[in-house]
S.K.: 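Here you go, one structure.
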Amino acid sequence: MGNFVCIEISGDQMLDRIIRCLCGKGYIRNLEKNLRALQREMEDLRATQHEVQNKVAREESRHQQRLEAVQVWLDRVNSIDIECKDLLSVSPVELQKLCLCGLCSKYVCSSYKYGKRVFLLLEEVTKLKSEGNFDEVSQPPPRSEVEERPTQPTIGQEEMLKKAWNRLMEDGVGIMGLHGMGGVGKTTLFKKIHNKFAETGGTFDIVIWIVVSQGAKLSKLQEDIAEKLHLCDDLWKNKNESDKATDIHRVLKGKRFVLMLDDIWEKVDLEAIGIPYPSEVNKCKVAFTTRDQKVCGQMGDHKPMQVKCLEPEDAWELFKNKVGDNTLRSDPVIVGLAREVAQKCRGLPLALSCIGETMASKTMVQEWEHAIDVLTRSAAEFSDMQNKILPILKYSYDSLEDEHIKSCFLYCALFPEDDKIDTKTLINKWICEGFIGEDQVIKRARNKGYEMLGTLIRANLLTNDRGFVKWHVVMHDVVREMALWIASDFGKQKENYVVRARVGLHEIPKVKDWGAVRRMSLMMNEIEEITCESKCSELTTLFLQSNQLKNLSEQISGLVSLQYLDLSWTRIEQLPVGLKELKKLIFLNLCFTERLCSISGISRLLSLRWLSLRESNVHGDASVLKELQQLENLQDLRITESAELISLDQRLAKLISVLRIEGFLQKPFDLSFLASMENLYGLLVENSYFSEINIKCRESETESSYLHINPKIPCFTNLTGLIIMKCHSMKDLTWILFAPNLVNLDIRDSREVGEIINKEKAINLTSIITPFQKLERLFLYGLPKLESIYWSPLPFPLLSNIVVKYCPKLRKLPLNATSVPLVEEFEIRMDPPEQENELEWEDEDTKNRFLPSIKPW
């Protein structure tokens, strides 16, 4: 049939095996006890885990890197925690299977396996708990791999590099901007800063360098950053910008990073890219370079650092390096000529490098003389200027917002090299040229002009002469050449702008095509006679100020398109009859024409809107008044008054913006009519007597002392400049409380002035009016009785300068420790110097704060 194997196990053997199973490790017998132990040990392990995690978090906030062993242990704890929860979740069911008081199970095999898992897990938990007692959980991060960027040795930027680096490393600085004109060396300096991260190492996890440039797209910036973070695979490229930003943020939020953005032209939206915002907590940094200071503010750096042109000796060193010693030694004369060429670059590294390299092989004196001649006459014609220098600078011009601002910029090129351009004069000319629009309210037009001027300064196309825009601006010589190059249609129409300002001319320069001339600037020369070409019919702007002119040719009548004529600071004695034929003339400047006695015929200039007779010999007498009354389009008048005739014509009075009053000695002058001069912003009173001022407010029909007018309605709202000279009847100037926008106050040679603001007269007003809130400069000269400016300390939010000269009784200035917020920009000058030692201070804090501000003459 078949074969059978028979195995016989006795009852005793079976019982023995069951007992061993139940009593060996006790998986079933000890199940309940092991479950309680597992739960308790797991709670302890979780507590240990939390302690380790907190310790790791603290160390990582200090930019330490967690140890790999710690991470492995945390991973194992997380894994076992999940397993433990699974086992414990079925424990009630497993305990129900037990019988015989827990010694056995109704389902022996199932309970045995479960009990074994509990037992082994308990051992693992106990072991992990013992291993969690770490002495150290972190270590310094590995030195970040910063790939050094190639850069040439710098000259003259060492101090700037040190300042920029120190500022970027400050704990409170998360964002830092470097701004400056094109070609000034921002990128070179930026590379030096980048390479310093390679030298320091360990402080930051990653340093990302991105060249942004004009017109950069968000997606392109994300892609460049992703490549640095090794994110840029095919899957990533197919994501939208929002998902890409999430990925970038996820990677960077756990790192201490530096993001360096070179050459940005507008605000870069860090959030949209995915960059975590730098803070004192994450200690990350974002640095950038830009040509436009406005961008710095938009990016969050409100104290950006300006990269300036090199100082003369540093500029010479750079130029010498580019030219080379062999060339400079080839002839003793060349060194002197080379210095002249270097000076033409005005410290701009781009120009110094390009021109220096061009001249490196020029070993003949004549070549250097020719270079100087070209750079002086028309620098745009110099070799490589139009290829390597001007196009780079032109990017700043191209980035300007609209055509009006571009026109304002090009207009500045009409002034001489290195000229300190008076901002008020410049803005007045912009207004008349129509660059600022057709706003009939002069103050609004001027404010808009200052806004446009600020735009050009922030774009580093103009620079401040005094650090603020109120007084003068300067155009760098190379930037000026760029402006002239653009104005001449990139050299194709050189006669478009004829600019020969302050070059020593004695006669009008020769011009090939007079018919092409649109604007001509011959200011600040030695020209004595002007002959006008009949073919010069398209000329709109003619600047002849500061020449030796005595008379103008009658041929001026042929300049039928002329709109802007400046004859200030010349010796002309009379206006030519042909002037009245200039039907389009809008702007006529005759200020400081001290020999000019008559403006007869000026009433025929029906388009005239702006006229200055200030400091000329033409005063506001009856004949002048008659001429001016016929100028129906006149909007801005500057004049000297020696009679009160102007006050008889309210329309003309409202047009006066600058007024000089002098010679009122027989009859006191009543300044009360000045209250109706809504556009008056400059007033000079000299050698005159004037009575106690009665001000007739525009809102009131009754005349009363200025102590009783409504103090909430100031009468001199536009007055910004006041000069008082040789007014010996005046004892105080309390009326200036009603000039809330006064910027300059200049009082000199007035022997009876004892105080500026009289307490008794002003006591009812000062609770409402705080004087001098806009004051920037205070000049006090030759006031022998002056004892007080104001009887108590005042806040001076904008004050930058106090000059006191020959005021022997003035012992105290109205200052306390909080009067001037920017004390580092504040100066006090006193003469004689020993008067400084006699000053009385409000307290020791005031004395300690302002003593360093006292500067020698």
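What you are looking at is a predicted structure, and each value in this text was computed from that prediction instead of being measured.
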S.K.: Do Lys285 and Pro278 have side chains that get closer than 4.5 Å, going by heavy atoms?
M.R.: no
S.K.: Compute the centroid of each ring, for Phe197 and then for Phe204, and state whether the two points are separated by less than 6.0 Å.
M.R.: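 Between Phe197 and Phe204, the centre distance is under 6.0 Å.
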S.K.: Looking only at heavy atoms, which two atoms of Val820 and Arg849 are closest? And how far apart?
M.R.: O-NH2, 2.7 Å
S.K.: Do the side chains of Lys394 and Asp398 get close enough for a salt bridge, i.e. N-O under 4.0 angstrom?
M.R.: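 The answer is yes: the pair qualifies as a salt bridge.
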S.K.: Quick one: does any side-chain atom of Thr290 pair with a main-chain N or O of His179 as donor and acceptor, under 3.5 Å?
M.R.: no
S.K.: Taking the side chain as everything from C-beta on, heavy atoms only, tell me whether Arg256 gets closer than 4.5 Å to Asn282.
M.R.: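 A side-chain contact is absent here, since even the closest heavy-atom pair is not under 4.5 Å.
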S.K.: Any salt bridge between Arg76 and Glu124, counting N to O under 4.0 Å?
M.R.: yes
S.K.: Within the structure provided, determine whether Met260 and Val207 are in side-chain contact (heavy-atom separation under 4.5 Å).
M.R.: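 SC-SC contact between Met260 and Val207 confirmed.
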S.K.: Apply the test side chain to side chain donor-acceptor pair (under 3.5 Å) to residues Asp262 and Thr289: give CA-CA distance (whole Å), side-chain angles for both, the deciding distance (0.1 Å), then the verdict.
M.R.: CA-CA 5 Å; Asp262 187 34; Thr289 67; 2.6 Å; yes
S.K.: Which atom pair, heavy atoms only, marks the closest approach of Met299 to Val268?
M.R.: SD-N, 3.3 Å
S.K.: So do Ser396 and Leu461 actually touch side chain to side chain, heavy atoms under 4.5 Å?
M.R.: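 In contact.
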S.K.: Closest heavy-atom contact between Lys388 and Cys354?
M.R.: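 Shortest heavy-atom contact: CB-SG, 3.9 Å.
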S.K.: Are Gln49 and Leu45 side-chain neighbours, meaning at least one heavy-atom pair lies under 4.5 Å?
M.R.: no
S.K.: What distance do Gln773 atom CD and Phe796 atom CZ have between them, rounded to the nearest 0.5 Å?
M.R.: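 Answer rounded to 0.5 Å: 8.5 Å.
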S.K.: Go through the steps to decide whether Val307 and Met181 satisfy the test side chain to side chain contact (heavy atoms under 4.5 Å, CB included), and finish with yes or no.
M.R.: CA-CA 8 Å; Val307 183; Met181 63 184 291; over 6 Å; no
S.K.: Is a salt bridge present between Asp292 and Arg458, judged by a nitrogen-to-oxygen distance below 4.0 Å?
M.R.: no
S.K.: Working to the nearest 0.5 angstrom, can you tell me the gap between Lys303 NZ and Cys296 SG?
M.R.: 14.5 Å
S.K.: Do you know which two heavy atoms are closest between Lys255 and Cys284, and how far apart they sit?
M.R.: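 Looks like O-SG, 3.4 Å.
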S.K.: Within a strict 4.5 Å, meaning less than it, do heavy atoms of the Ile175 and Tyr277 side chains meet?
M.R.: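 Yes. Closest side-chain heavy atoms under 4.5 Å.
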S.K.: Between Lys294 and Glu401, does at least one N-O distance fall below 4.0 Å, as a salt bridge requires?
M.R.: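 Glu401 and Lys294: salt-bridged.
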S.K.: Using every non-hydrogen atom in the two residues, find where Ser353 and Lys322 come nearest and quote the distance to one decimal.
M.R.: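 Shortest heavy-atom separation between Ser353 and Lys322 comes out as OG-CE, 3.6 Å.
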S.K.: With a 3.5 Å distance limit and no angle check, can you tell me whether Gln222 reaches the backbone of Ala272 through a side-chain donor-acceptor pair?
M.R.: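 Confirmed, Gln222 side chain pairs with Ala272 backbone.
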S.K.: I want to check something: taking the side chain as every heavy atom from C-beta on, are Gln53 and Val56 in contact at a cut-off of under 4.5 Å?
M.R.: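 A side-chain contact under 4.5 Å is absent here.
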S.K.: For the NZ atom of Lys244 and the CD1 atom of Ile273, what is their distance to the nearest 0.5 Å?
M.R.: 12.0 Å
S.K.: Testing Leu259, Val258, Leu229 one by one against Ile206 for a side-chain contact (heavy atoms from CB on, under 4.5 Å), which residue passes?
M.R.: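 Answer after filtering Leu259, Val258, Leu229: Leu229.
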S.K.: Has Asp243 got a side-chain atom pairing as donor or acceptor with Lys239's backbone, closer than 3.5 angstrom?
M.R.: no
S.K.: Is the shortest distance from a Lys or Arg side-chain nitrogen in Asp301 or Arg167 to a carboxylate oxygen in the other one below 4.0 Å?
M.R.: yes
S.K.: Salt bridge or not for Asp247 and Arg250, using N-O below 4.0 Å?
M.R.: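 Judged by the 4.0 Å cut-off on N to carboxylate O distance, Asp247 and Arg250 do form a salt bridge.
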S.K.: Walk me through it: do Leu456 and Leu400 pass the test side chain to side chain contact (heavy atoms under 4.5 Å, CB included)?
M.R.: CA-CA 8 Å; Leu456 294 176; Leu400 294 175; 3.9 Å; yes
S.K.: For the CG atom of Leu178 and the CD1 atom of Ile193, what is their distance to the nearest 0.5 Å?
M.R.: 5.0 Å
S.K.: Give, for atom OG of Ser79 and atom CG of Asp75, the distance between the pair rounded to the nearest 0.5 Å.
M.R.: 9.0 Å
S.K.: Roughly how far, to the nearest 0.5 Å, is the CE atom of Met176 from the CH2 atom of Trp165?
M.R.: 9.5 Å
S.K.: So, does Asn460 use its side chain to make a donor-acceptor pair with the main chain of Arg291 at under 3.5 Å?
M.R.: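 Pair found, side chain donor or acceptor close to backbone of Arg291.
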S.K.: Could you tell me whether the side chain of Pro349 reaches within less than 4.5 Å of the side chain of Leu318, counting heavy atoms only?
M.R.: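 Contact flag for Leu318/Pro349 side chains = yes.
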S.K.: Under 6.0 Å from the ring centre and within 45 degrees of the ring axis: does the NZ or CZ of Lys406 meet both conditions for the six-membered ring of Tyr397?
M.R.: yes
S.K.: If you take the centroid of each ring, where Trp contributes its six-membered ring, are Phe190 and Phe288 closer together than 6.0 Å?
M.R.: no
S.K.: Testing the basics here: between Met305 and Met160, what is the closest heavy-atom pair and its distance to 0.1 Å?
M.R.: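 Smallest heavy-atom distance, with atoms named: CB-CE, 3.7 Å.
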S.K.: Under 4.0 Å between a Lys/Arg side-chain N and an Asp/Glu carboxylate O for Lys220 and Asp224?
M.R.: yes
